[in-house]
Amino acid sequence: MENNQTAFLKGVTILAEEHFRSLRPYKSGFEVEHLYIKGYQDLLFHLESLINVCILALDNPHVGEHTQIREPQVHIQKVLELTAQLIPFEEAGFLDQMRELISTLEKED
């Protein structure tokens, strides 16, 4: 049992080193370049908010009538591109592999 747990922890450590790259520890939270967030839930909330704002903007029939904002669709596209870049795919891969490791450990017990 103890060997299984040791192997499991070693596997988790290796996976974490390979996959935890999107967020870097910073004081009491994490950072993505210059964006400060409190953690993964906070990041996902911000991503959802950015996407929702773009949905609302695209659904606005008067989106092209703002004279101070030139090419609003280009701005919406840029926000969506940034949002896509912020999605923590590496960490999602880690979580999938963690689920697999936990499942394997549970089957051995």
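Quick caveat: nothing in here was measured; it's all calculated off a predicted structure. Start at 1 with the first residue, then count along the sequence.
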Atom pairs and distances, side-chain donor-acceptor, residues 84-96, under 3.5 Å, sequence neighbours left out:
residue: Glu90; atom: OE1; partner: His19; partner atom: ND1; Å: 3.1
residue: Glu91; atom: OE1; partner: Ser22; partner atom: OG; Å: 3.2
residue: Glu91; atom: OE2; partner: Arg21; partner atom: N; Å: 3.2
residue: Glu91; atom: OE2; partner: Ser22; partner atom: N; Å: 3.1
residue: Glu91; atom: OE2; partner: Tyr40; partner atom: OH; Å: 3.0

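- Leu82 contributes atom CG, which lies 6.5 Å from atom CG of Leu50 (distance to the nearest 0.5 angstrom).
- Each of Glu81, Gln73, His75 was scored for a side-chain hydrogen bond (donor to acceptor under 3.5 Å, both in side chains) with Gln77, with one residue passing: Glu81.
- By the side-chain contact (heavy atoms from CB on, under 4.5 Å) test, Glu100 pairs with no residue at all, sequence neighbours left out.
- Clustering ILVMFWY residues whenever any of their side-chain heavy atoms sit less than 4.5 angstrom apart, transitively, puts Ile14 in a cluster other than the one holding Leu9.
- Considering NZ of Lys107 and CG of Asn4, their distance stands at 14.0 Å, rounded to 0.5 Å.
- Without hydrogens or angle criteria, His46 side chain to Thr83 main chain gives no donor-acceptor distance under 3.5 Å.
- We find the CG-CD1 distance between Asn60 and Ile76 to be 8.5 Å, quoted to the nearest 0.5 Å.
- Taking hydrophobic clusters as Ile, Leu, Val, Met, Phe, Trp and Tyr residues chained together by side-chain heavy-atom distances below 4.5 Å, Phe45 does not share a cluster with Ile51.
- When all heavy atoms are compared, the tightest approach of Gly11 to Leu101 is C-CD1, 4.2 Å.
- No side-chain heavy atom of Phe8 sits less than 4.5 Å from a side-chain heavy atom of Thr104.
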Mind running side chain to side chain contact (heavy atoms under 4.5 Å, CB included) on Val79 and Val53 for me, showing each step along the way?
CA-CA 9 Å; Val79 169; Val53 166; over 6 Å; no

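- Residue Thr6 holds its OG1 atom at 6.0 Å from CG of Asn3, rounded to the nearest 0.5 Å.
- Taking Glu71 as the reference, nothing meets the salt bridge (Lys or Arg N to Asp or Glu O under 4.0 Å) condition, with sequence neighbours excluded.
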